[in-house]
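Some notes on the structure that comes next.
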Amino acid sequence: MKAFDRSIKIAPSILAADFANFGAECAAAEAQGADWIHVDVMDGHFVPNISFGAATCAAIRPHIKGVMDVHLMISPVDAYLQGFVEAGADVITAHLEAGPHVHRTLQAIRGSGVKAGLALNPGTPAEAAAELLGDVDLICVMTVNPGFGGQKFIASQVEKVRRLRAMLGDRPVHIEIDGGIDPVTAPLVAEAGADVLVAGSAVFKGGTATAPEGYGKNIRAIRAAAEAARG
Ligand code: DX5
Ligand code: ZN
């Protein structure tokens, strides 16, 4: 991964891509300007949907040149971590709500040489992360309830982003936003202090892996709106 910076990074979520064509979809999104590729792992237990697991992450890894950002919506987490490390994840994000020992989970991720992310559901306050700020490389603010793509952005989370940004001060920790990001909502969270913007449906609409120009247009529109809000 590149050295830490707070520039706007667009991370298309392959949950909205063609599931029969992940390799080509990842390569197309990167060629069209994606900074990171966001990979949503769901277990049908922590969230009410099943997506895919570590074997799929390992299969798509060679098709991603940059950052593979793995979002684990699973519980329990720890027993499965090594599989995602071996799959080649650059960032592994676990949910604060996934179990009683999230500090141990974050330590295990970092101990494996992978950047550690902490995700907060919409109902979890920013302050719940207060004792973990030194143990994370990224905080993911969920702006939808996790489990599905294409849901409506929950606007109350914008003030939570602002509080987290203030809590983090100068720490080199990314603030990632996940859910309902498009050119209308991206400026709200960028202005509040986010730097990594996950977008699924708003990136993968209007294109295919073999005709991906629409992906590029979508990525540029989200980035331009976010950067304009930063001033
Ligand atoms: C939701 C996932 C998101 C989702 C975002 O549980 O974590 O990454 O794919 O999809 P959109 O951008 O369509 O809300
Ligand atoms: Zn996600």
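Both ligands and their constituent atoms are indexed starting at 1 by order of listing.
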Answer yes or no: does atom CZ of Arg104 have more than 12 heavy-atom neighbours from other residues, nucleotides or ligands under 6.0 Å?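 Open: at most 12 neighbouring heavy atoms sit under 6.0 Å from CZ of Arg104.
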Neighbour count >12 (heavy atoms, 6.0 Å) for atom OH, Tyr80: no
Nearest protein heavy atom with distance in Å, relative to [atom]:
atom                    : value
atom 3 (C) of ligand 1  : Asp178 OD1, 2.8 Å
atom 10 (O) of ligand 1 : Gly149 CA, 3.6 Å
atom 12 (O) of ligand 1 : Gly200 N, 2.7 Å
atom 1 (C) of ligand 1  : Phe148 O, 3.6 Å

Indicate the ring-plane relationship of His71 and His38, choosing parallel, tilted or perpendicular according to the 30° and 60° boundaries.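 Plane angle between 30° and 60°, so tilted.
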Could you list which atoms of ligand 1 come closer than 4.0 Å to a heavy atom of [X]?
X      : value
Ala199 : 12 (O)
Ser13  : 8 (O), 9 (O)
Met42  : 6 (O)
Ser201 : 11 (P), 12 (O), 13 (O)
His38  : 8 (O)
Val198 : 8 (O)
Met73  : 6 (O), 7 (O)
Leu15  : 9 (O)

Quick check: [X] and ligand 1, any N/O pair under 3.5 Å apart?
X      : value
Met142 : no
Gly147 : yes
Gly150 : yes

Answer yes if the ring centres of His95 and Phe46 are under 6.0 angstrom apart, and no otherwise. yes
Report the angle formed at the Zn ion (ligand 2) by atom OD1 of Asp40 and atom ND1 of His71, rounding to the nearest 10°.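 Between OD1 of Asp40 and ND1 of His71, the angle at the Zn ion (ligand 2) is about 90°.
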For a 4.5 angstrom cut-off between non-hydrogen side-chain atoms, does Asp18 reach Thr208?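 Sidechains of Thr208 and Asp18: no contact.
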With respect to the Zn ion (ligand 2), what is the nearest N, O or S atom of Asp178?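 Considering only N, O and S atoms, Asp178 comes nearest to the Zn ion (ligand 2) through OD2.
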Indicate if Val91 and Met73 have the same hydrophobic cluster label, given that clusters are the connected sets of ILVMFWY residues with side-chain heavy-atom separations under 4.5 angstrom.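 In one cluster with Val91: Met73, no.
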Consider only side-chain heavy atoms of I, L, V, M, F, W and Y, link residues closer than 4.5 Å, and tell whether Val70 and Ile109 are in one cluster.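 Linked, Val70 and Ile109 end up in one cluster.
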Could you go through the side chain to side chain contact (heavy atoms under 4.5 Å, CB included) check for Met68 and Val39 one step at a time? CA-CA 7 Å; Met68 183 160 87; Val39 181; 3.9 Å; yes
Does ligand 1 have an atom that lies less than 4.0 angstrom from a heavy atom of Ala202? no
I'd like to know if Gly180 contacts ligand 1, where contact means a heavy-atom distance under 4.0 Å to any ligand atom. yes
Scan side-chain atoms only and decide if [X] and [Y] contain a donor-acceptor pair under the 3.5 Å cut-off.
X      : Y      : result
His174 : Asp137 : no
Ser13  : Asp40  : yes
Asp182 : Thr185 : yes

Would you confirm whether Ser75, through its side chain, and Ala98, through its main-chain N or O, come within 3.5 Å as a donor-acceptor pair? yes
